[in-house]
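Presented below is the structure to which this report refers.
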Amino acid sequence: MPSATDIISAAVERALGAPAMLRPCADPKFGDYQANGVMAVAKQRKENPRALAEKVIAQLDLNGVCEKPTVAGAGFINFKLLPEFIAQQLSEPVAKTAKPQTIVLDYSGPNVAKLMHVGHIRSTIIGDSLARVARFLGHRVITDNHIGDWGTQFGMLILGWKQFRNDTALAADPIAELERLYKHVNAQENLREAAKQELVKLQQGDAENLTIWKRIIELSEQQFDATYARLGVRFDHTLGESFYNPFLADVVRELQQRGIARESDGAICVFVEGEETPLIIQKSDGGFGYGTTDLATVKYRVETWHPDLIVYVTDARQQLHFKQVFATVRQWLPNPPALEHITFGSILGEDRKPLKTRSGENVKLAELLNEAEERALTVVTQKNPELPEATRKQIARAVGIGAVKYADLSQNRTTDYIFSWDKMLALDGNTAPYLQYAYVRIQSIFRKAGTEWEAPQRPDSRGTEAAPTLELTHPSELELAKQILRFSETLNATLADYKPNWLTGYLYDLAGKFSVFYDNCPVLQSAEPVKSSRLTLCRLTAYVMKQGLNLLGIDVIEQM
RNA sequence: GCGCCUGUAGCUCAGUUGGAUAGAGCAUCGGAUUUCUAAUCCGGCGGUCGCGUGUUCGAAUCACGCCAGGCGCGCCA
């Protein structure tokens, strides 16, 4: 069954002959949804917008869906859903997409031999959330972690490994030792040539250097895995840059033969229209850069998974690069998939200056997560000292990690991100714990309900059984029900514009509306049939909250 | 110099692509609990949407010009 917005949109569109531009009402007093499309059409046809709106309304048949639509203001049409219709809609599951696509999502992409720091968090968390939403809506999603496991830094790493390695330090903290080796070699001018020689040997397939290289990657992947496990992030594939090495020469040859690339100042370049600087696909010394790797990666993905769309989640600084790569792909491949670069702002310090990678001032991701969990544990212990320690720690984990993720996801990704411990780890206001708390209160109701109410399903399941008839009479019941109804449209909007902050905003409103309902509408003390109706409302809220948080990569807990 | 992004309440930010009286959180001030978890709820205070000119029924949103900050601009990724 189509959703409320689908039904109304389609009806208006048919009557108007143009997009309905249906939105939630700016102010609830106008109704639930407003159609703005009439005014645009009236302007174009030079008609009176209010008269046109009346004509449109006369052609609408929305019996059983909403009250008679009204014209207001400059030509808005307002719709107010009927409680019976809302109740009926709530028994329907969230609609899957009508046209499933194959989507490759490329995010996180940390570098080997480096610690993961706060700079990696946005790509990882935003990408993971978008993957979850797309998958939930019924798309075929392939996630691929394009790690930086190849490049000039390996010359220095291998040299350092051979000459300066401290095995005790390596055993204790492999990545810290690798970072030390890199810095040590990099700092010494006289070692540069030797490092370059090690790199050349690696590229030529020298057995010893290959073994060291593999070992370094292995150690790095152990670190990545540990971090991803804490964050609950997983990838279908981890095909790093090195995977594409065998294809690079062919890519260059083909682009040259096709006349897409040409020699310039000794390098092989692709000049993209509108850009002065080219994409360099082969350096004058014969080496390949990441531009070539990215091109080979697109080709591999196209041939392997046949995606309709490839999405890259990286910071905004790579815009020019991806613009050039995408333009090249469109000239090169016969039926190129849609390519999207989803950007986000830089991470700034509290002084609004960028947190620089080289400075060593980076906040390590692992430390951030530790501190998040510690702060959460303090609060849990303070609120609920009687809970066993293991339980408190488990709660602290969900709350702490959830708070960090939510702080990131709830912000519009395009703006720069000012890093602040307090902001990242805040536990009140518009934060994940507020949403988790709403869920906990519902779970508590169901625990208390116990045998009194025979839950046909677990309270967090949506349930497909015939739900008790919903009696939506109290205003806060109605408000809550309508909010639940908007889950589906919110997910579609979130994916369409790649903006997880719309989902966080929606869930925050849901939690707020539930809290008002909770204050105003006793559940267990009510007489039937109100009690069953309210329990159903609770069950649906719990379902949407749990599912919604899951799509953000945030766990729920049963008590806190 | 050219290009991209940002500028909204004291602070941190939303604002569904041009819609109705610009909204939250934090901070601050006040109120609510014999009732299902008060990590809650209700209310007050707080605005020249960086500045200016334009486009039109209507602009935080679009165009142009300034101002301020950030990022990018051939062989690093």
Side-chain angles (χ1 to χ4, degrees), chain A residues 21 23-27 29-30 34 36 39-40 42-43 48-49 72-76 78 109 111 148 150-153 241 264-269 274-285 287-291 293-294 314-321 323 343 345-346 348 352-354 379-380 382-384 399 407 410-412 414-416 418 420 422-423 426-431 433-434 436-438 440-449 489-490 492-494 496-497 499 501-502 504-505 508-509 511-512 515-516 518-526 534 538 559-560:
Chain A
M21 296 180 69
R23 308 274 179 273
C25 278
D27 188 322
K29 81 181 177 207
F30 297 130
Q34 60 184 57
N36 298 340
M39 291 175 287
K43 185 178 190 171
N48 180 316
F76 301 95
N78 289 326
N111 283 324
W150 194 255
T152 49
Q153 77 271 28
E241 293 172 346
S264 168
D265 289 340
I268 310 298
C269 301
E275 294 301 330
E276 266 179 55
T277 57
L279 180 72
I280 292 174
I281 58 172
Q282 187 163 21
K283 297 187 284 185
S284 47
D285 68 0
F288 305 105
Y290 75 131
T293 309
D294 282 346
T314 84
D315 71 87
R317 286 176 298 195
Q318 300 196 41
Q319 262 182 50
L320 175 59
H321 170 72
K323 186 180 176 191
T343 62
S346 313
L348 308 179
R352 290 186 165 273
K353 298 221 166 108
V379 177
V380 181
Q382 182 193 321
K383 303 267 182 194
N384 267 316
V399 169
S410 59
Q411 180 164 334
N412 183 325
T414 56
T415 50
D416 282 345
I418 293 166
S420 141
D422 287 338
K423 185 186 167 186
L427 300 175
D428 46 4
N430 182 5
T431 63
Y434 177 72
Q436 290 166 322
Y437 180 65
V440 161
R441 288 171 126 185
I442 300 172
Q443 298 310 89
S444 183
I445 289 176
F446 281 101
R447 272 195 301 275
K448 287 250 160 51
E489 63 195 68
T490 301
N492 285 316
T494 298
D497 284 359
K499 284 189 161 179
N501 67 306
W502 286 354
T504 63
Y508 180 64
D509 289 342
S515 295
V516 172
Y518 185 90
D519 272 19
N520 292 327
C521 301
V523 177
L524 299 176
Q525 271 88 358
S526 304
R534 288 182 176 169
C538 286
Q559 50 182 345
M560 62 191 279

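The chains referred to below are lettered A, B, ... by the order of the sequence lines, with proteins before strands, and numbering in each begins at 1.
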Whole-Å [atom1] distance, [N] and [M]:
N	M	atom1	value
B:G7	B:C51	P	13 Å
B:C36	B:U21	P	43 Å
B:C73	B:C11	P	33 Å
B:U6	B:C13	C1'	13 Å
B:U8	B:U12	C1'	12 Å
B:G54	B:U61	C1'	15 Å
B:G23	B:A68	C1'	26 Å
B:A20	B:G58	C1'	10 Å

Which is true for [X] with a 4.0 Å heavy-atom rule: it touches a base, it touches only sugar-phosphate, or it touches nothing?
X	result
A:C25	nothing
A:A496	nothing
A:G148	nothing
A:E275	nothing

[X] side-chain proximity, nearest of [options]:
X	options	result
A:N78	B:A20, B:C71, B:C36	B:A20
A:T414	B:A20, B:U37, B:U6	B:U6
A:E241	B:C73, B:A14, B:A77	B:A77
A:N501	B:C36, B:G15, B:G19	B:G15
A:K283	B:C75, B:C36, B:G15	B:C75
A:K423	B:G74, B:C73, B:C13	B:C13

Can you tell me how far [atom2] of [Y] sits from [atom1] of [X], rounded to the nearest 0.5 angstrom?
X	Y	atom1	atom2	value
A:D265	A:S284	CG	OG	8.5 Å
A:I268	A:F288	CD1	CZ	9.5 Å
A:R447	A:Q443	CZ	CD	7.0 Å
A:D294	A:I281	CG	CD1	12.5 Å
A:T431	A:K423	OG1	NZ	12.5 Å
A:C269	A:L279	SG	CG	8.0 Å

What is the distance, rounded to the nearest whole Å, between atom [atom1] of [X] and atom [atom2] of [N]?
X	N	atom1	atom2	value
A:W502	B:G23	CH2	P	19 Å
A:I445	B:U37	CD1	C1'	10 Å
A:N412	B:A14	CG	C1'	8 Å
A:K448	B:C36	NZ	P	7 Å
A:Q318	B:G74	CD	P	15 Å
A:D315	B:G70	CG	C1'	12 Å
A:I442	B:U37	CD1	P	12 Å
A:K323	B:G3	NZ	P	11 Å

Its contact letters, B for base, S for sugar-phosphate only and - for none at protein heavy atoms under 4.0 Å, make nucleotides 38-43 of chain B read SBSSS-
Closest to the 5' end of RNA chain B, once A:T277 and A:D497 are matched to their nearest nucleotides, is A:D497
Of A:A26 and A:Y508, the one whose nearest nucleotide on RNA chain B sits closer to the 5' end is A:A26
| task | Examine B:C13: is either OP1 or OP2 under 4.0 Å from a nitrogen or oxygen in the side chain of A:Q411? Give yes or no. | result | yes
For B:G18, does either OP1 or OP2 sit under 4.0 Å from a side-chain N or O belonging to A:N36? no
A:F30 meets the ring-ring contact (aromatic ring centres under 6.0 Å, His included) criterion, sequence neighbours left out, with none
Hits for ring-ring contact (aromatic ring centres under 6.0 Å, His included) against A:Y437, two or more places apart or cross-chain, chain-then-number order -> none
Please evaluate the base of [N] for a donor-acceptor partner in the side chain of [X] within a cut-off of under 3.5 Å?
X	N	answer
A:S264	B:G74	yes
A:D294	B:A77	no
A:S444	B:C36	no

A correct dot-bracket answer for RNA chain B, with pairs being Watson-Crick or G-U at under 3.5 Å, [ ] for crossing pairs and | for inter-strand pairs, is (((((((..((((.....[...)))).(((((.......))))).....(((((..]....))))))))))))....
Residues which pass side-chain hydrogen bond (donor to acceptor under 3.5 Å, both in side chains) with [X], listed by chain and number, not counting sequence neighbours:
X	result
A:N501	none
A:K499	none
A:Q34	A:N36
A:S526	A:R534

Contacts of A:V399 meeting side chain to side chain contact (heavy atoms under 4.5 Å, CB included) (sequence neighbours excluded), chain-then-number -> A:A376, A:I395, A:L427, A:P433, A:Q436, A:I557, A:M560
Sorted by chain and residue number, the side chain to side chain contact (heavy atoms under 4.5 Å, CB included) partners of A:T343 (sequence neighbours excluded) come out as A:A316, A:Q319, A:H341, A:R413
Under 3.5 Å, N/O pairs linking protein and nucleotides 7-10 of chain B:
none

**Report entry** Aromatic plane relationship, A:Y290 with A:H321 - under 30° parallel, 30 to 60° tilted, over 60° perpendicular
**Finding:** parallel
Quick check on A:Q382: does its CD atom have over 12 non-hydrogen neighbours (other residues, nucleotides or ligands) under 6.0 Å away?
yes
* Asked: Have A:D422 and A:S420 got a donor and an acceptor in their side chains that come within less than 3.5 Å?
  -> no
Can you pull every protein N or O that's under 3.5 Å from an N or O on nucleotides 56-64 of chain B?
| residue | atom | partner | partner atom | Å |
| --- | --- | --- | --- | --- |
| B:G58 | O6 | A:K43 | NZ | 3.1 |

